[in-house]
Amino acid sequence: MPWTTSDIPDLTGKNAVVTGPTLGGIGYFTARGLAAAGARVILAGRSWEKLDAAAAALSEEVPGARLDRVALDLSSLQAVRAGAEAIAAATFDGGGPLHLLVNNAGVMATPQSRTVDDLDLQMATNHFGPFLLTGLLLEPLAESGEARIVTVSSMMHKLARKAPLGYPTVQVGRYSPWNVYSQSKLANLLFTFELQRRLEKAGLPISAYAAHPGLASTRLMANGTSRRLIAPIASISEAAVHAMAQTPEAGAWPALMAATYPGLEPGTYIGPSDAFEARGVPKPVTASRLARDPEAARALWELSEQTTGIAYP
Ligand SMILES: NC(=O)c1ccc[n+]([C@@H]2O[C@H](COP(=O)([O-])OP(=O)(O)OC[C@H]3O[C@@H](n4cnc5c(N)ncnc54)[C@H](OP(=O)(O)O)[C@@H]3O)[C@@H](O)[C@H]2O)c1
């Protein structure tokens with residue numbers, strides 16, 4: 001039987017964090033699905049205004065939803081540390097440990113930019129920030145006795161020809177926004193599979209999963225590369241993508257299935273089932289051979305620990 005949102009079990013008593021829950025995006029609909037099942041959802045985003053708007057809309061759509069808001073800017077290592085502290089404080093103050101972390105937030109094909117830590121903006125937001133956040137939240141996650149971490153990747157990971165293993169504060173060669181995006185989404189999968197191996201080895205009661213939304217009509221493109229295009233071209237290219245895409249609500253299904261499907265094999269990667277994984281009901285899908293390369297995963301892990309200053313167990 002295909003998975004539907006009615007397969008989401010009762011999540012009453014569970015605490016979940018969703019990063020990037022902006023109204024209209026995949027994170028918003030992920031948060032909505034979890035809140036509707038009874039979870040207390042901590043909305044973690046970089047703009048208070050957008051967090052307030054998302055919380056207000058969620059409260060209207062899910063009467064009685066239990067929501068918290070936490071400021072989190074994934075592009076700054078210091079801000080990630082502050083955000084993780086706020087999340088840990090929210091879970092413990094608000095009663096109980098953390099059961100679920102959905103690393104959803106991301107940027108796509110942004111113009112070249114370096115962060116306050118001198119990292120590439122896409123790699124910082126899509127990989128290094130979530131790597132640090134996850135490591136800092138392992139303790140509250142382990143406290144739950146059975147936790148899941150879901151990281152949102154993309155079909156675009158298949159376009160990456162190599163893992164992003166260069167020293168991250170050094171820019172080598174010409175900047176290609178799409179190449180860096182593909183590499184950051186490959187990093188999401190290398191991270192997930194290596195994380196699962198390490199969690200298992202450390203005997204922690206946490207499982208790691210990955211998901212991708214297919215093609216969903218969100219503001220991701222407009223927020224990224226289209227900003228560099230002249231307005232008419234940007235709106236035509238966005239309209240073309242949106243015409244082919246599924247709704248953001250459907251784009252959240254893979255993450256929701258990965259987050260909640262009972263008995264799902266740890267390390268599973270979930271994506272849509274139709275139109276070459278662009279749309280449709282979610283199911284387990286295959287990652288590229290490079291995403292499954294344990295050597296690349298180990299090397300990226302070591303680089304990520306050095307870059308973010310965290311040591312996982
Ligand atoms: N839409 C698709 O077809 C598609 C396809 C493949 C993969 N994905 C993945 O799906 C995820 C969600 O994207 P979406 O399509 O829902 O796009 P979106 O609507 O643009 O949502 C992206 C979210 O990430 C947040 N974000 C960006 N930079 C951040 C930062 N530095 N710190 C904290 N949060 C930050 C955004 O916050 P602001 O609102 O403040 O900018 C927003 O909440 C991303 O990981 C993306 O790579 C999407």
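For the numbers below, each heavy atom of this structure counts, side chains included, while hydrogens, waters and symmetry mates do not. Note that ligands are numbered from 1 as they come in the structure, with each ligand's atoms numbered from 1 the same way.
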Value rounded to 0.5 Å, distance of CG in Asn179 from CD in Gln122 = 9.5 Å
ask   = Remaining members of Val285's ILVMFWY cluster at a side-chain heavy-atom cut-off under 4.5 Å?
value = Leu189, Phe193, Tyr269
message = Side chains of His212 and Glu277: any donor to acceptor distance under 3.5 Å?
response = yes
request  = Is it possible for you to say whether Tyr261 and Ile26 belong to one hydrophobic cluster, with membership spreading through side-chain heavy-atom contacts below 4.5 Å?
outcome  = no
remark   = Within the heavy-atom cut-off of under 4.0 Å, ligand 1 is lined by Gly20, Pro21, Thr22, Gly25, Ile26, Arg46, Lys50, Leu72, Asp73, Leu74, Ser75, Asn104, Ala105, Gly106, Val107, Thr125, Val152, Ser153, Ser154, Tyr181, Lys185, Pro213, Gly214, Leu215, Ala216, Thr218, Arg219, Leu220, Asn223
inquiry  = My understanding is that only residues two or more places apart in sequence, or in another chain, count here; which of them pass ring-ring contact (aromatic ring centres under 6.0 Å, His included) with Tyr28?
reply    = none
task = Could you tell me which residues satisfy ring-ring contact (aromatic ring centres under 6.0 Å, His included) with Tyr312, sequence neighbours excluded, listed by chain and number?
result = Phe131, Trp301
